[in-house]
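Working notes, structure below.
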Number of protein chains: 2
Amino acid sequence: MKLDSEHLEILAVIVEKGGLTEGADVLGKSQPSVSRSMALLEERIGLPLFEPGRRPLRPTELGASLARLGAKIRSANQEASLLVQRFRQGLAGRLRVGGSPIFMDGVVATMVAEFQGRHSDVQIDQSYGYLDQLETGLRNGGLDVAILPLHPAQVPLDMEFTPLLPGNNVIACRAGHPLTRRKAITLADIEPYAWIAPPANSPLYRDLQRALKSIGQEEFRVNFSGGTLASMQSVLAGSDALTVLPYSVVFLSRRTVPLEVLPLKIDHPDRQLGFLTVTDRQGPPAVRQFTGFLAAEFQRLQARIEHEQKLTLRRG
Amino acid sequence: MKLDSEHLEILAVIVEKGGLTEGADVLGKSQPSVSRSMALLEERIGLPLFEPGRRPLRPTELGASLARLGAKIRSANQEASLLVQRFRQGLAGRLRVGGSPIFMDGVVATMVAEFQGRHSDVQIDQSYGYLDQLETGLRNGGLDVAILPLHPAQVPLDMEFTPLLPGNNVIACRAGHPLTRRKAITLADIEPYAWIAPPANSPLYRDLQRALKSIGQEEFRVNFSGGTLASMQSVLAGSDALTVLPYSVVFLSRRTVPLEVLPLKIDHPDRQLGFLTVTDRQGPPAVRQFTGFLAAEFQRLQARIEHEQKLTLRRG
DNA sequence: GATATAATATCGCATTGTGTTATGAAACTG
DNA sequence: CAGTTTCATAACACAATGCGATATTATATC
């Protein structure tokens, strides 16, 4: 025999509040309504839930025991309501975020901690990929947001792209690298040094090729490739090798890894770092929270970058 | 916003069983019914509970979380059903039993342990009193059963009395008492010994008076009175004093206290030990269990007593 | 990629449960 | 023994739930 959970919850409130009338008030129902609910429950159980002929209704032993279970049910139900609320506001749930590896590791990941500090119940599943994979991921629902550098013309028709930062690349080396002591750097200066290359199929690798071509260096020697940002940083810091990285990545990396940017103008790819979502699919509400958060955070980052650049210019 | 606990329970089953159809089976409902319930829940929440366009229905993150809470609710509900069942069968609950002190301590209490071994969830509240108090206790609902020696004419009109044992009293003393060595005992033999008296307002005290009067001894010396059975037993075992007790009490006490019965015929009060309940009020179902148990247990006790008496006669 | 199959959604209709207000009965209070 | 409080009942509207029949749509199979 299945009891009605609603009835048990009502019973719990009545017992807790010490009376049917007050219980009805707390429940936001009319007194006759809860009275009838209890009558129904009693009828089904076939045993009295309340001592007969007591005016502030007092539960029998059975009534009190069932009330305890009703309270359990009630608290679970309330927890469910809260969960839904937080979900609605994007304060709970799971978020599947994909993006280009270097950028995710170097910039986005540093912001995730902060985001989770504010929205502790949002679980973030991070994955890596380039445009093609991210696009299909978004389409088949395997991803909620993609974060990557993109040219306006590359944005698929069914998707929306929100730029966050210019995709400026720079040539980076370890702090204290011989080249950093020079005021101006020529092609001949950098020619002897080996390069750390991002994965060969990554846009960043093509950026590297293009950048070097733009300053006239068609050939370059690669002494490390295929690693994630963490590896690149280690090799970079421990050798005199050079690499190409988004400026934002270098900027944030410097908090933990001693890197410097070579004062050498290279071609910037005409791309913006930003996030990509499917138009007309809002996904879990946490997406809005997260993208909103990212937008604000990147604005702060850009401001910090510009501030620093001003200082550098003044000094330089 | 209050969610429907029933909906959450359904959700839990669907998620657990991995599909709506199977879930409906387990719940004993039709597939359309649970489908609509889920549609309603989703509509109220305003967020998808299941991944869209997946045929064996798969829950979203929110759906899975809510299902966990639904499972909680479901288990509490099932526990409630079980509780009701056990209550119905008298296997759970609380029982308020009152009775005359000596008899409760000496006989009934030894049976309570056994009863609780079989019906572990029945809590027994024992209290002491004589006819008047027990009667009012039964009437105002403070007691479920009373156990006491009663004359048929004393049974109140609105109550029912079920006899369990004849209320035979005997004169008891410690084992090894000087009187036990005699074959026949006369009034003169017992005259020197002091008496342990039950509380002055107890029927047993009046029995003592009557018994001694019946064998011709109008006066008697009391050296201990007012104690419960435990005290009486201690004094009895540690001295040469005598007392009057129901035979059943002496019989059971001998398992732990070395007592003997003096072979002296005394007047038996015309009373039966038994239990008293209010007619037309069945009280908690555990009452039936308990009274039924007592009846069986007393039958066994009586058989043991009769067996012993046969042995004694044969030996004597 | 057409087709078969299984899983889910929707429809129409009867039944049950829930909510309300109005009102009666019973128990507590002073 | 009033007056008050507390609960039960009646009558009605409406929402939810039950069902079978049937349409729709992923997935599996060839």
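The figures that follow rest on heavy atoms only: side chains count, while hydrogens, waters and symmetry mates do not. For clarity, every value in this text was computed on a predicted model and none was experimentally measured. Numbered from 1 within each chain, the chains take letters A, B, ... in sequence-line order.
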Take the protein atom [atom1] of [X] and the nucleotide atom [atom2] of [N], then report the distance between them rounded to whole Å.
{"X": "K29(B)", "N": "dT17(D)", "atom1": "NZ", "atom2": "P", "answer": "8 Å"}
{"X": "L41(A)", "N": "dG17(C)", "atom1": "CG", "atom2": "C1'", "answer": "13 Å"}
{"X": "L40(A)", "N": "dT15(C)", "atom1": "CG", "atom2": "P", "answer": "18 Å"}
{"X": "E51(B)", "N": "dT8(C)", "atom1": "CD", "atom2": "C1'", "answer": "16 Å"}
{"X": "E43(B)", "N": "dT10(C)", "atom1": "CD", "atom2": "C1'", "answer": "14 Å"}

Expected list for residues 78-99 of chain B: side-chain donor-acceptor pairs under 3.5 angstrom, two or more places apart:
unit_1: S81(B); atom_1: OG; unit_2: M1(A); atom_2: O; d: 2.9
unit_1: S81(B); atom_1: OG; unit_2: N77(B); atom_2: O; d: 3.4
unit_1: R86(B); atom_1: NH1; unit_2: D121(B); atom_2: OD2; d: 2.6
unit_1: R86(B); atom_1: NH2; unit_2: D121(B); atom_2: OD2; d: 3.2
unit_1: R88(B); atom_1: NE; unit_2: I45(A); atom_2: O; d: 3.0
unit_1: R88(B); atom_1: NH2; unit_2: R44(A); atom_2: O; d: 3.2
unit_1: R88(B); atom_1: NH2; unit_2: I45(A); atom_2: O; d: 2.8
unit_1: R94(B); atom_1: NE; unit_2: E61(A); atom_2: OE1; d: 3.3
unit_1: R96(B); atom_1: NE; unit_2: D144(B); atom_2: OD2; d: 3.4
unit_1: R96(B); atom_1: NH1; unit_2: G141(B); atom_2: O; d: 3.2
unit_1: R96(B); atom_1: NH2; unit_2: G141(B); atom_2: O; d: 3.0
unit_1: R96(B); atom_1: NH2; unit_2: D144(B); atom_2: OD1; d: 3.2

Provide the closest heavy-atom pair for [X] versus [Y] in the form atom of the first, atom of the second, distance.
{"X": "Q133(B)", "Y": "Y128(B)", "answer": "OE1-O, 3.9 Å"}
{"X": "P48(B)", "Y": "T60(B)", "answer": "O-OG1, 3.0 Å"}
{"X": "A67(B)", "Y": "A12(B)", "answer": "O-CB, 3.4 Å"}
{"X": "Y130(B)", "Y": "P203(B)", "answer": "CD2-CD, 3.4 Å"}
{"X": "L20(A)", "Y": "S35(A)", "answer": "CD1-CA, 3.7 Å"}
{"X": "R139(B)", "Y": "V278(B)", "answer": "N-CG2, 4.4 Å"}

*Measure the angle between the two terminal helix axes of the helix from dG1(C)-dC30(D) to dG30(C)-dC1(D), five base pairs each, and quote it to 10°.*
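End-to-end axis angle: 50°.
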
*Run the numbers on K17(B) and D25(B) for salt bridge (Lys or Arg N to Asp or Glu O under 4.0 Å), then give the verdict.*
CA-CA 10 Å; K17(B) 295 302 167 190; D25(B) 277 353; over 6 Å; no

*Under 6.0 Å between the ring centres of F115(B) and F290(B)?*
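Centroid separation for F115(B) and F290(B): below 6.0 Å.
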
_At a heavy-atom distance below 4.0 Å, what parts of residues 68-81 of chain A sit against DNA chain C?_
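Heavy-atom contacts with DNA chain C come from no residue of residues 68-81 of chain A; none.
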
_Candidate pair R74(A) and E16(A), rule salt bridge (Lys or Arg N to Asp or Glu O under 4.0 Å), full reasoning_ = CA-CA 12 Å; R74(A) 193 169 152 75; E16(A) 185 192 340; 5.3 Å; no

*Could you list by number each residue of residues 6-25 of chain B showing a heavy-atom separation from DNA chain D of less than 4.0 Å, or answer none if no residue does?*
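Nucleic-acid contacts, sorted: H7(B).
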
_Each nucleotide in nucleotides 9-14 of chain D should get exactly one letter: B, S or -. Can you fill that in based on protein heavy atoms under 4.0 Å?_
B-----

*Between protein and nucleotides 24-30 of chain C, map the contacts as a letter string: B base, S sugar-phosphate only, - none, heavy atoms under 4.0 Å, written 5' to 3'.*
-BBSS--

*asked:* Show, in sequence, the C-alpha distance, side-chain angles and deciding distance for L276(B) and L138(B), and conclude whether the side-chain contact (heavy atoms from CB on, under 4.5 Å) test is met.
replied: CA-CA 9 Å; L276(B) 193 64; L138(B) 284 170; 3.9 Å; yes

_Candidate pair R36(A) and E43(A), rule salt bridge (Lys or Arg N to Asp or Glu O under 4.0 Å), full reasoning_ = CA-CA 10 Å; R36(A) 198 178 20 178; E43(A) 185 192 318; over 6 Å; no

*Answer yes if the side chains of E6(B) and S5(A) hold a donor-acceptor pair under 3.5 Å, and no otherwise.*
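Checked: E6(B)/S5(A) side chains show no N/O donor-acceptor pair below 3.5 Å.
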
*Carboxylate-amine/guanidinium contact E22(A) K29(A), below 4.0 Å*: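 Answer for the salt bridge query: no.
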
*For G28(B) and for E42(A), locate the closest nucleotide of DNA chain D by heavy-atom distance; then report the residue assigned to the nucleotide nearer the 5' terminus.*
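The residue closer to the strand's 5' end, by nearest nucleotide, is E42(A).
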
_Closest listed nucleotide, where the reference is the side chain of D4(A) and the choices are dA16(D), dA9(C), dG17(C)_ =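 Nearest listed nucleotide: dG17(C).
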
*From T279(A) OG1 over to D158(A) CG, what is the distance, rounded to the nearest 0.5 angstrom?*
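Rounded to the nearest 0.5 Å, the OG1-CG separation comes out at 6.5 Å.
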
*asked:* Return the OG to CG distance between S127(A) and L143(A), rounded to the nearest 0.5 Å.
replied: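 Separation between the atoms: 4.5 Å.
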
*When you check the phosphate oxygens OP1 and OP2 of dA15(D), does a side-chain N or O of R44(B) lie under 4.0 Å from one of them?*
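For dA15(D), neither OP1 nor OP2 has a side-chain N or O of R44(B) closer than 4.0 Å.
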
